[in-house]
Amino acid sequence: MKTVLRLMTPRSPGQWFLWFAAWTSLFNAFFLLVLWVFGQADVMSFWQKLAIGAITCAPFLTAAMMMLRLHLRLQGRLFLSARTDLLTRMPNRRAFIDSVSARLTEEGGTLLMIDVDHFKAVNDTWGHGFGDICLQRIAINIRPVISASFDCARLGGEEFAVMLFDTTPEKVKNVSQIIAAGISIQPPGQRTPIRITCSLGGCHAEPGDHLSDVMSCADRALYQAKDNGRARLVMAGDQQETIAPVATKLAS
């Protein structure tokens with residue numbers, strides 16, 4: 001249905017003219033048929049009939065085309081809104097799962113599950129408004145390391161995810177260090193900024209793997225990263241850790 005509506009909706013002046021001419025011709029053909037059925041075909045000339053048909057259908061046709069175009073625009077905004085996290089403007093869990101699952105059928109990569117360290121303490125100490133600002137800043141910190149071959153999302157709460165396709169262990173390490181290092185931000189009423197870090201759990205995915213299995217694998221590695229001191233990456237099945245620069249503790 002959406003495809004049909006797009007095909008029926010003109011998008012340029014040339015298309016508007018062609019569609020107007022086409023619909024006017026159809027209306028005039030119907031108008032002539034009605035006159036013929038009622039025996040009034042010879043009441044007026046062909047050009048008079050054409051003019052009457054065009055004048056009659058023009059406002060209705062224009063209104064219909066504008067409503068179709070508005071409908072498609074609103075439909076596109078609703079679709080984008082349903083797949084976007086409103087706070088961080090990143091893709092949400094649904095968009096991430098759809099995109100990554102489709103690509104995993106043919107591509108392999110590395111999934112990074114990300115959790116903001118001590119985020120409950122941030123909310124409890126300075127309020128949820130400041131916590132929202134922190135999440136927005138963390139999203140901004142993640143975006144520069146994302147390229148066209150990567151997918152990223154806010155999964156919910158203080159959880160994010162990054163899927164790195166067609167990458168190398170060195171690239172995974174570099175991306176992880178940037179994300180784990182987190183942000184430096186000054187809370188309200190504080191004289192000095194604090195550093196809010198992130199813990200990461202990574203899992204390698206082969207083409208054809210199910211995303212749910214890969215996410216569970218990366219989640220287990222994430223818990224290990226948090227148990228081992230936070231602000232670091234732990235890869236599933238690997239004892240080596242990528243440790244970010246030492247973070248300023250929340251209590252300082």
Side-chain angles (χ1 to χ4, degrees), residues 76-77 79-117 119 122 131-185 195-207 209-223 225-226 230-236 241-242 244-245 247:
R77 289 180 179 177
F79 178 79
L80 182 62
S81 177
R83 299 172 65 84
T84 303
D85 176 62
L86 297 180
L87 178 65
T88 62
R89 310 307 300 174
M90 298 179 78
N92 60 17
R93 176 185 287 269
R94 176 182 175 183
F96 181 79
I97 290 175
D98 289 347
S99 176
V100 174
S101 296
R103 294 184 66 176
L104 266 182
T105 59
E106 298 180 354
E107 300 179 67
T110 300
L111 174 66
L112 301 177
M113 298 290 285
I114 306 161
D115 190 83
V116 182
D117 295 329
F119 190 69
V122 172
D132 288 346
I133 294 174
C134 292
L135 292 177
Q136 290 171 336
R137 288 278 305 276
I138 289 169
I140 292 173
N141 187 52
I142 291 175
R143 285 195 188 98
V145 302
I146 304 302
S147 70
S149 60
F150 301 165
D151 280 294
C152 65
R154 181 191 176 199
L155 301 181
E158 66 270 28
E159 296 181 338
F160 297 81
V162 173
M163 185 71 190
L164 298 90
F165 291 98
D166 188 26
T167 190
T168 63
E170 186 65 25
K171 180 65 176 180
V172 173
K173 179 178 178 180
N174 293 338
V175 168
S176 300
Q177 285 180 326
I178 294 172
I179 296 174
I183 60 169
S184 178
I185 188 169
R195 179 162 289 277
I196 298 178
T197 60
C198 297
S199 298
L200 299 91
C203 182
H204 181 69
E206 297 291 343
D209 285 350
H210 293 288
L211 180 58
S212 58
D213 296 334
V214 181
M215 292 179 74
S216 297
C217 171
D219 260 332
R220 291 191 292 270
L222 173 60
Y223 285 122
K226 297 178 83 68
R230 304 176 190 267
R232 65 192 66 202
L233 164 72
V234 170
M235 291 295 298
E241 303 170 5
T242 301

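Everything numeric here is computed off the predicted structure, so don't read it as measured data. Heavy-atom basis, side chains included; hydrogens, waters and symmetry copies ignored.
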What are the two closest non-hydrogen atoms of [X] and [Y], and how far apart are they?
X	Y	value
L112	L200	CD1-CD2, 4.1 Å
S199	L222	O-CD1, 3.2 Å
L135	E158	CD2-CA, 4.0 Å
C134	I183	O-CD1, 3.8 Å
A205	L104	CB-CD2, 3.8 Å

Sub-4.5 Å side-chain heavy-atom contact between [X] and [Y]:
X	Y	value
I114	I142	yes
R143	M90	yes
M113	L155	yes
T110	K171	no
R195	S184	yes
F160	V116	yes
V172	H204	no
F165	D151	yes

Distance, nearest 0.5 Å, that separates [atom1] of [X] from [atom2] of [Y]:
X	Y	atom1	atom2	result
D132	R137	CG	CZ	14.0 Å
N174	I179	CG	CD1	11.0 Å
S216	L211	OG	CG	9.0 Å
S101	H210	OG	NE2	10.0 Å
Q136	R154	CD	CZ	9.0 Å

Ignoring hydrogens and geometry, is there a side-chain-to-backbone donor-acceptor pair from [X] to [Y] under 3.5 Å?
X	Y	answer
S99	A95	no
R103	E106	no
R220	A218	no

*Determine, for K226 against D117, whether the closest basic-nitrogen to carboxylate-oxygen distance falls under 4.0 angstrom.*
yes
List for me each residue that meets side-chain hydrogen bond (donor to acceptor under 3.5 Å, both in side chains) alongside [X], sequence neighbours excluded, and say none if there are none.
X	value
D98	R83
E170	none
D209	none

*asked:* Which residue in the set D115, I178, I138 passes side-chain contact (heavy atoms from CB on, under 4.5 Å) when paired with C198?
replied: I138
